[in-house]
Amino acid sequence: MKISIGGFSFFNMIREGKMDTFGYLESSKYRYHLDTVDLWNGTFEGVKDDIFSLPDEAYIQRLAEAIREKEMTIINIAVDGAHLWDADPDKRSRLYENAVAYLSIAEKLGARTIRIDAGDHSSAPGTEEQFEYVVNKFEALSRRAAELGLIVGPENHMGTSKDPKYLKKVAEAVNHPNFGILLHMGRWDTDEDIGDTLVAPWVYHTHFDGKTVGSPKGEQMVRALLDAGYDGYWGIEYNAPDNQYAEMEWAIASVKRLLSRLK
């Protein structure tokens, strides 16, 4: 089955100094027997303490070598510190520079897709200026992604992006084959019952969380994507409060069981 583990799933262990990106690769490959990588740049060396910092070239080379040695495929890189909209124009410019830089990093690592958020936590409700800026920048990023063999786009992660009608409007305006949406299933501030269905045509990757896995609505969410023709990977982003290795075993088994019933 097409399953991956989102790197944020081990955030508590990372914070405690018990996990890093390379440990995440080892766990995905040898503990959970997955050949997939669903990276989060918050685990990258030198990044987590400053949103504007970028991993150095030597680190990216080491990471690329580790992924090649394990014969793993990077399904997605979820990038923090590169969201497009911020009320501060100077910060906005620096964030966009990061977004462009991470596209090159994704290409060097051999990633298939990259999540660049549309806006920050405080960006809702959106303005027309914000919408036009986000569309313009995603158009430019999509053109660059096409040159690098990537798909780029936001997640329903924070701010205006947790409104499915807003994401749908952005997707329709960008209208590029290398643009898409990373769907964190069921995570909406509005229109929760129809949110997943509204954005389903543009979904390039998905994230289950602990509530989705254990919810009766999980089957409904998966079915909506399958009905829309989704054939991508089912990522699990579940940062359990403790006992994370065992909790992830439960989540993977639960997702496999759900997909087996529906496929």
Side-chain angles (χ1 to χ4, degrees), residues 2-4 6 36-41 67 72-80 82-85 95-119 126 130-185 187-188 194-208 221-235 237 263:
K2 294 181 176 180
I3 290 176
S4 63
T36 50
V37 182
D38 196 348
L39 293 172
W40 170 50
N41 74 321
I67 292 166
M72 302 183 82
T73 300
I74 303 179
I75 305 306
N76 178 255
I77 302 178
V79 177
D80 288 347
H83 51 272
L84 298 184
W85 178 259
L95 288 165
Y96 183 68
E97 290 174 3
N98 267 14
V100 173
Y102 267 106
L103 257 66
S104 295
I105 289 170
E107 189 267 339
K108 290 174 184 176
L109 291 174
R112 293 184 180 180
T113 67
I114 178 169
R115 181 263 272 167
I116 301 293
D117 277 319
Q130 176 185 339
F131 175 76
E132 291 177 359
Y133 179 87
V134 167
V135 169
N136 177 270
K137 293 305 183 185
F138 270 134
E139 287 174 343
L141 291 174
S142 296
R143 291 192 294 270
R144 179 59 178 151
E147 296 171 357
L148 299 175
L150 295 164
I151 294 175
V152 63
E155 180 181 5
N156 52 328
H157 184 202
M158 55 188 181
T160 50
S161 294
K162 293 179 78 175
D163 177 350
K165 291 177 181 175
Y166 175 81
L167 278 191
K168 180 177 184 288
K169 184 180 176 183
V170 170
E172 290 172 338
V174 175
N175 190 28
H176 194 286
N178 291 79
F179 173 88
I181 293 169
L182 193 167
L183 175 64
H184 191 114
M185 290 184 288
R187 186 167 66 186
W188 304 105
I194 61 171
D196 291 8
T197 302
L198 281 178
V199 303
W202 296 277
V203 173
Y204 64 78
H205 187 47
T206 61
H207 279 162
F208 281 91
M221 295 172 185
V222 171
R223 192 180 297 278
L225 288 169
L226 293 175
D227 289 347
Y230 181 72
D231 190 34
Y233 278 74
W234 305 91
E237 187 181 76
K263 288 194 173 185

Exercise. Grab the two heavy atoms, one from Val134 and one from Ala118, that are nearest each other, plus how far apart they are.
Key: CG2-O, 3.6 Å
Quiz item: To the nearest 0.5 Å, how far apart are CH2 in Trp188 and CG in Asn156?
Solution: 4.0 Å
Practice problem: Output, in order, the C-alpha distance, side-chain angles, deciding distance and verdict of side-chain contact (heavy atoms from CB on, under 4.5 Å) for Ser4 and His205. | Solution: CA-CA 10 Å; Ser4 63; His205 187 47; 3.6 Å; yes
Quiz item: With side chains defined as the heavy atoms from C-beta onward, is the minimum distance between Phe138 and Ile116 less than 4.5 Å?
Solution: yes
Quiz item: What are the two closest heavy atoms between Met158 and Gly119, and how far apart are they?
Solution: CE-O, 3.1 Å
Self-check item: Under 3.5 Å donor-acceptor, Thr113 side chain and Ile75 backbone
Solution: yes
Practice problem: Output the distance between atom OG1 (Thr197) and atom CE (Met221), rounded to the nearest 0.5 Å. | Solution: 9.5 Å
Exercise. List the steps and the verdict of side-chain contact (heavy atoms from CB on, under 4.5 Å) for Glu155 and Asp117.
Key: CA-CA 6 Å; Glu155 180 181 5; Asp117 277 319; 4.0 Å; yes
Exercise. Grab the two heavy atoms, one from Ala145 and one from Val152, that are nearest each other, plus how far apart they are.
Key: CB-CG1, 3.9 Å
Quiz item: Only one of Glu237, His207, His157 clears side chain to side chain contact (heavy atoms under 4.5 Å, CB included) with Leu182; which?
Solution: His207
Quiz item: With Ala78, which residues qualify under side-chain contact (heavy atoms from CB on, under 4.5 Å), at least two apart?
Solution: Trp40, Asn76, Arg115
Quiz item: Which distance, rounded to the nearest 0.5 Å, do you find between the CG of Leu148 and the CD1 of Ile105?
Solution: 12.0 Å
Under 3.5 Å donor-acceptor pairs involving side-chain atoms of residues 222-234, not counting sequence neighbours:
| residue | atom | partner | partner atom | Å |
| --- | --- | --- | --- | --- |
| Arg223 | NH2 | Glu219 | OE2 | 3.2 |
| Tyr230 | OH | Tyr233 | N | 3.0 |
| Tyr230 | OH | Tyr233 | O | 2.5 |

Quiz item: How many angstroms lie between atom CD1 of Ile74 and atom CG of Leu39, to the nearest 0.5 angstrom?
Solution: 5.0 Å
Please tabulate, one pair per line, all N/O donor-acceptor pairs under 3.5 Å involving side-chain atoms of residues 164-171, not counting sequence neighbours.
| residue | atom | partner | partner atom | Å |
| --- | --- | --- | --- | --- |
| Lys168 | NZ | Glu172 | OE2 | 2.7 |

Self-check item: Atom of His176, atom of Ala146 and distance for their closest heavy-atom approach
Solution: CE1-CB, 4.1 Å
Exercise. For the pair Ile3 and Thr36, evaluate side-chain contact (heavy atoms from CB on, under 4.5 Å) and give the outcome as yes or no after the intermediate values.
Key: CA-CA 7 Å; Ile3 290 176; Thr36 50; 5.9 Å; no
Practice problem: Could you grab the distance from atom CG of Leu141 to atom CG of Asn136, nearest 0.5 Å is fine? | Solution: 9.5 Å
Self-check item: pair Pro154-His83: side-chain heavy atoms closer than 4.5 Å
Solution: no
Quiz item: What's the shortest heavy-atom distance between Tyr96 and Ala140, and which atoms?
Solution: OH-CB, 3.5 Å
Quiz prompt | From Leu150 atom CG to Ile114 atom CD1, the distance as rounded to the nearest 0.5 Å | solution = 7.0 Å
Quiz item: How close do Gly153 and Phe179 get, heavy atom to heavy atom, and via which atoms?
Solution: CA-CE1, 4.0 Å
